[in-house]
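To find a chain, count down the sequence lines: A is the first, B the second, and so on, and within it residues start at 1.
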Amino acid sequence: MDNKNTSSNFIRDIVIEDLKSSKVKEVVTRFPPEPNGYLHIGHAKAIVLNFELADEFGGRTNLRFDDTNPTKEDTEYIESIKEDVAWLGFKWDGLYFASDYFEEMYNRAVLLIKKNKAYVCDLSPEEIREYRGTLTQPGKESPYRNRSVEENLELFERMRRGEFKDGEKVLRAKIDMASPNMNMRDPVLYRICHASHHNTGDKWCIYPMYDFAHPIEDAIEGVTHSICTLEFEDHRPLYDWVIKECEMECQPQQIEFARLNLTNTVMSKRKLKQLVDAGFVDGWDDPRMPTISGLRRRGYTPEAIRKFCREIGVAKTNSTVDHRLLEHFIREDLIDKTPRTMAVLRPIKVVITNYPEDKEEIFEVDYNLDAPEMGKRPVPFSRELYIDRDDFMENPPKKYFRLYPGNEVRLKDAYIIKCNEVIKDDKGNVVELRCTYDPETRSGTGFTKRRVKGTIHWVSARHAVPAEFRLYEPLINDDAEGDSENFLEQVNPNSMEVLQGFMEPSMKDARPMDRFQLIRIGYFIVDNKYTTDEKIVLNRIVALRSSFKVKK
RNA sequence: UGGGGCGUAGCCAAGCGGUAAGGCACGGGACUUUGACUCCCGCAUGCGUAGGUUCGAAUCCUGCCGCCCCAGCCA
């Protein structure tokens, strides 16, 4: 894979220490998504961490679906998650489902009951909440807490047999209702849920809770380092309790790190879903979405995402990474991988008045001067051309190197032209520029008699191929992601701009997902959803950096 | 005002008692047939804050301040 410049982080330090002290003999990690949504860049951080950590020390990483809640999960997500992890470039060792372990979990729950460490509770959900107490007040014990082992055993079995309705009973751990850690106040281990499971069908009507299931899953798989996000820190005592009381042979250790936040976007499933449902975006794979599928359609590469994930580091500090760091890595990755071609997004016609009407030249131009092995393509030149409106100003400010009346610019890989006349319509809009070219200045002839400050891109009008260009801006306006319910107010209404322009003829056979650097404009990818045989649609992956700041 | 965490530059982040890495961003310059790329240079007398220990503290101790998480039969 690509060069890994694994930087130090506290989890890696722990692993190194555990190996050194022989606490563990090998490193086993896992990526444990719940199949209830699409993966996003935040998941990528966890994926890269888990897979590369194990990989660095010759260990293993499992992909395990944490499917303990049939009401929220769906098999549709399983495929998309597998696809995304694979696309990111990782091969899992084992592919598992928490639901594969349901029988084992049930047996461990029975063990807990026999040890008098768990009991069946008849309190309603509301009552359980009331009995739990508050952050500052201890809870009180359930009246069902002291049922006999025999009665608990029988009740739990009847729960499994389906003799009770949803919510009628739960299995709870018997820990400490006065614990300052809310998670230890007799947490629910199993709930009744008469729902069909994507994997186990109707075999079960009781399902284990995360806090009970997760440590057992890890232990069964021999996971040594169970890496999760910060909000589970409070759950660690319970995680350890389950491992110990269920008498698991393997004792994984849970380590928490801060999840990724990015500026100008949102990462929560809920908010992402809101964007989709409200129609602000075109679906989970809209190129503006921070989902893996969105980034893929946008044109990001797995390499760029991986490098980004390494660079941001792993720590416990809540942080929000500047989205421009992600942009940095896609530019860096694409610079020597993409052919460089020309397209005009906002066309304005240029007529070369001293160029014969029936004449036409074909220039053979390198696809990428920095990667000559990409070869050359023919670029036709003729009397009428298109250039970008941004490259002409009738009344330019100082330091404007582009075209204006009386000024000369070089047409990239062609001639130097001079603007002589500006044609306007009735309303005063510039509709055409009349220029003359200097035949002596043709590219490749070694002409050095005079230099011009500006070089602009162009397309021969006669040969131009119409295309649609989609330019993107951040989904969320500048100020930090608010917590408000109406975060939709922060959505950038101008996050997509659609332009009808022209591209050079060499691009006419481009296929979906082909990438280009459109010279002076940015990196683009052929959209795989809206491109048809008739028309190519290009998404701008990222603009080129620019130090040009002159305002019109 | 219970418990668990976290505070190093605009944004990430290394640092683990010996005198503040690196990246992004930003500013300046060189080069340039992409105002791109590349290359130089600059960018924390300072590590939330106040004390203390020490020859020496971002690192150790104490107090304070700020921010995040926890009261699902979600994960």
- Go along nucleotides 10-22 of chain B 5' to 3' and tag each nucleotide: B for a protein heavy atom under 4.0 Å from its base, S when only backbone or sugar atoms are that close, - otherwise. -SSSSSB-----B
- Task: Sugar-phosphate atoms are those with a prime plus P, OP1 and OP2; base atoms are the rest. Using that split, label each nucleotide of nucleotides 70-75 of chain B B, S or - for protein heavy atoms under 4.0 Å, 5' to 3'.
- Result: BBSBSB
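Across all strands shown, B/G42 pairs with B/C26; the Watson-Crick or G-U wobble distances both stay below 3.5 Å. With a cut-off of 3.5 Å on both pairing distances, B/A21 has no Watson-Crick or G-U wobble partner at all. When both distances must be under 3.5 Å, the Watson-Crick or G-U wobble mate of B/C67 is B/G5. In a base pair of the Watson-Crick type (N1 to N3 plus N6-O4 or O6-N4) or a G-U wobble (N1-O2 and O6-N3), with each distance short of 3.5 Å, B/C74 is matched with no nucleotide. The nucleotide B/A50 finds its pairing partner in B/U62, both defining distances of the Watson-Crick or G-U wobble pair being shorter than 3.5 Å.
Annotation: proximity of residues 409-417 of chain A to RNA chain B (heavy atom, distance under 4.0 Å) is found for A/Arg410, A/Lys412, A/Asp413, numbered in ascending order.
Both A/Arg402 and A/Glu332 sit near RNA chain B, but only A/Glu332 has its closest nucleotide nearer the 5' end.
A/Ile521 has its CD1 atom 14 Å from the C1' atom of B/G35, to the nearest Å.
Contacts of A/Gly444 with the nucleic acid, taken as non-hydrogen atoms under 4.0 Å apart, include base atoms.
Contact of the A/Lys316 side chain with the A/Glu256 side chain is registered, since non-hydrogen atoms from C-beta on lie closer than 4.5 Å.
The base of B/G4 lies outside donor-acceptor range of the side chain of A/Arg236, with no N or O pair under 3.5 Å.
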